[in-house]
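In what follows, a single structure is set out as C-alpha cells and then discussed.
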Amino acid sequence: MKSSRVFAIISLFLTLLLSVSWATANNSSHEGFLECLESHSEPSNPISAVLYTPENSSYSAVLKSYIRNLRFNESTTRKPQLILTALQVSHIQAAIVCSKIHGLQMKIRSGGHDYEGVSYVSDVPFFILDMFNFRSVNVSIENETAWVQVGAIVGEVYYRIAEKSNVHGFPAGVCPTVGVGGHFSGGGYGNMMRKYGLSVDNIIDAQIIDVNGRILDRASMGEDLFWAITGGGGSSFGVVLAYKIKLVRVPSTVTVFRVTRTYEAKLDEYRLQLPASCRQVA
Ligand SMILES: Cc1cc2nc3c(=O)[nH]c(=O)nc-3n(C[C@H](O)[C@H](O)[C@H](O)COP(=O)(O)OP(=O)(O)OC[C@H]3O[C@@H](n4cnc5c(N)ncnc54)[C@H](O)[C@@H]3O)c2cc1C
Ligand SMILES: *[C@@H]1O[C@H](CO)[C@@H](O)[C@H](O)[C@H]1NC(C)=O
Ligand SMILES: *[C@@H]1O[C@H](CO)[C@@H](O)[C@H](O)[C@H]1NC(C)=O
Ligand SMILES: *[C@@H]1O[C@H](CO)[C@@H](O)[C@H](O)[C@H]1NC(C)=O
Ligand SMILES: *[C@@H]1O[C@H](CO)[C@@H](O)[C@H](O)[C@H]1NC(C)=O
Ligand SMILES: *[C@@H]1O[C@H](CO)[C@@H](O)[C@H](O)[C@H]1NC(C)=O
Ligand SMILES: *[C@@H]1O[C@H](CO)[C@@H](O)[C@H](O)[C@H]1NC(C)=O
C-alpha cells in the first residue's frame with residue numbers, strides 16, 4: 001500500500017512536471033522557432049538557405065570561422081541552437097521578431113573579436129545572428145565619405161579607400177581583422193588617434209534595425225540613439241547594419257615605426273629617475 005501510494009504521488013508529480021515543461025517549452029521549442037523564422041521571411045529570399053543547425057555539416061565551420069578567442073573554441077563552450085548568416089534585411093527582421101516571440105537570446109556577431117566571446121557565447125540557450133555577409137564598403141572620394149557595412153573588417157575598409165585614393169584614410173584599429181560592427185559601435189582607436197581621434201569621432205550616419213524591425217538612420221533614430229551606438233556598444237540597442245564614415249586626409253607617404261623596449265630597459269630608466277635614497281628599494 002505504502003509503496004503504491006508513493007508511486008502514485010511520484011507519477012502525478014512527474015505528469016505535472018512534464019505538462020508544465022511541455023507548456024512552457026512549446027513556443028521556445030526549436031521547431032517553433034524555425035517555423036517562426038520561415039513564416040516571417042519573404043518566399044523570394046528563403047531563410048532556410050542561411051540557417052545552420054548543429055545537424056548541418058557546415059555548422060561547426062561557420063561557428064568557428066569567427067571565433068577569435070580560442071579559449072571559447074572548446075567542446076565545453078555552450079553552442080548556439082542555430083546560426084543565421086543573414087543575406088537580406090528581411091532575415092535580420094525575422095531573427096529579431098522571432099527572438100522576441102520565442103524568448104530565445106540573440107547574439108549579434110560581426111568580426112567575432114570580442115575579448116570575452118560575447119558575440120557567440122552565452123549562459124542561456126541562444127542563437128547567433130552572423131553579419132559577415134553584410135560587408136560592402138562604398139567609398140566616395142568626391143564626398144570624402146564611405147558607407148561601410150558591419151560585416152566588413154577594418155582591413156577591407158582601409159583597402160577599399162586605398163584603391164581609390166592614396167591621400168585618404170580612416171582612423172581605426174591596428175589589427176586588420178577586427179570587425180566594423182563591434183569596433184565602430186564601441187569606439188575604435190589606432191595609429192591615427194592622436195591626429196584624428198577615435199573612429200566614432202569620424203562617424204556621421206548609421207543604419208540600425210530596432211527591436212520592432214524598423215530600419216532607422218541618424219535622422220529617424222534621433223541623436224540619443226546615434227550617440228549610444230557610436231561608443232556605447234551596439235547590441236544593447238539593435239542590429240547595426242552600416243555606418244557612414246568621414247574619410248580623413250593623409251599624406252601620400254607615411255612612415256610607420258615601432259619602438260620596442262624591454263621591461264629591463266624601462267626599469268633601468270625608472271631607477272635612474274629616482275632620488276638616490278630610493279634606488280636601493282626599487
Ligand atoms: C586581436 C585583436 C586586436 C584588436 N585591436 C584593436 C585596436 O587596435 N583598436 C581597438 O580599438 N580595438 C581593438 N580590438 C578590440 C575590438 O575593437 C573589439 O573587441 C570590437 O568589439 C570587435 O568588433 P567585432 O565586430 O570584431 O566583434 P564581435 O565579437 O562580432 O562583436 C563585439 C560586440 O559588439 C556587438 N556587435 C557586433 N556587431 C554588431 C552589430 N552589427 N550590431 C549591434 N551589435 C553588434 C556584439 O554583439 C558584441 O557585443 C582588438 C581585438 C582583438 C581580439
Ligand atoms: C503547442 O504545440 C502543440 C503541438 O505542436 C500545438 O498543438 C499547440 O497549439 C501549441 N500551443 C501553443 C500555445 O502554441
Ligand atoms: C508562438 O509562436 C507562434 C509562431 O511563431 C506565434 O505566432 C505565437 O504568437 C506564439 N505564442 C505565444 C503564446 O507566444
Ligand atoms: C541545414 O539543414 C536543413 C535541414 O536539412 C536544410 O533545410 C537547410 O537548408 C540547411 N542549411 C544550409 C545553409 O544548407
Ligand atoms: C577549434 O577546435 C577544433 C576542434 O574542435 C579544431 O579542429 C580547430 O583546429 C580549432 N581551431 C583553431 C583555430 O585552433
Ligand atoms: C556625393 O554627395 C552628393 C550630395 O549629397 C550626392 O548627390 C552624390 O551622389 C554623392 N556622390 C557619391 C559618389 O556618393
Ligand atoms: C553599396 O553599394 C551597393 C551597390 O550599389 C549596394 O547594394 C549597397 O547597399 C551599398 N552599401 C551601403 C552600405 O550603402
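Just so we're clear, the structure is a prediction, and the values are computed from it rather than from any experiment. Numbering of ligands and ligand atoms starts at 1, following listing order.
- Remark: the Gln93 side chain and the His40 side chain contain no N/O donor-acceptor pair separated by less than 3.5 Å.
- Here the CD atom belonging to Gln149 is positioned 3.0 Å from the OG atom belonging to Ser136, to the nearest 0.5 angstrom.
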- [ ] Mind running side-chain contact (heavy atoms from CB on, under 4.5 Å) on Lys79 and Leu63 for me, showing each step along the way?
- [x] CA-CA 9 Å; Lys79 301 289 184 288; Leu63 176 63; 3.4 Å; yes
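- Of all protein heavy atoms, the one lying nearest to atom 8 (C) of ligand 6 is Asn143 ND2, 3.8 Å.
- Contacts with ligand 4 closer than 4.0 Å are made by backbone heavy atoms (N, CA, C, O) of Leu51 only, the side chain lying farther away.
- The nearest protein heavy atom to atom 11 (N) of ligand 6 is closer than 4.0 Å.
- Annotation: Trp147 places no N or O atom under 3.5 Å from an N or O atom of ligand 7; distance criterion only.
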Task: Evaluation steps, salt bridge (Lys or Arg N to Asp or Glu O under 4.0 Å), between Arg109 and Asp130 - done: CA-CA 5 Å; Arg109 184 164 73 169; Asp130 234 329; 2.9 Å; yes
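- Some N or O of Asn138 is nearer than 3.5 Å to an N or O of ligand 7, by distance alone.
- Which parts of ligand 6 touch Ser140 is read off a 4.0 Å heavy-atom cut-off, strictly below it: atoms 11 (N), 12 (C), 13 (C), 14 (O).
- At under 3.5 Å, not a single nitrogen or oxygen of Tyr52, backbone or side chain, sits near a nitrogen or oxygen of ligand 4.
- Scanning the protein heavy atoms around atom 7 (O) of ligand 4, the nearest turns out to be Ser48 CB, 4.6 Å.
- Atom 3 (C) of ligand 6 is approached by the protein to below 4.0 angstrom, counting heavy atoms only.
- Inspection of the Thr177 and His113 side chains reveals an N or O donor paired with an N or O acceptor under 3.5 Å.
- For Asn202 (side chain) and Lys246 (main-chain N/O), no donor-acceptor pair under 3.5 Å exists by modelled atom type.
- If you look at Ala49 next to ligand 4, the close heavy atoms, those under 4.0 Å, all belong to the backbone.
- With 3.5 Å as the limit, one finds a donor-acceptor pair spanning the side chains of Glu55 and Thr53.
- From Leu247, atom CG reaches atom OG of Ser165 across 8.0 Å, with rounding to the nearest 0.5 Å.
- Across the listed options Asn56, Leu34, Leu84, Asn56 owns the non-hydrogen atom lying nearest to atom 1 (C) of ligand 4.
- Note on ring orientation: taking the six-membered ring where Trp is involved, the planes of Phe170 and Phe184 are tilted (angle from 30° to 60°).
- For atom 14 (O) of ligand 6, the nearest protein heavy atom is under 4.0 Å away.
- Ranking protein heavy atoms by distance to atom 9 (O) of ligand 7, first place goes to Gln149 NE2, 4.4 Å.
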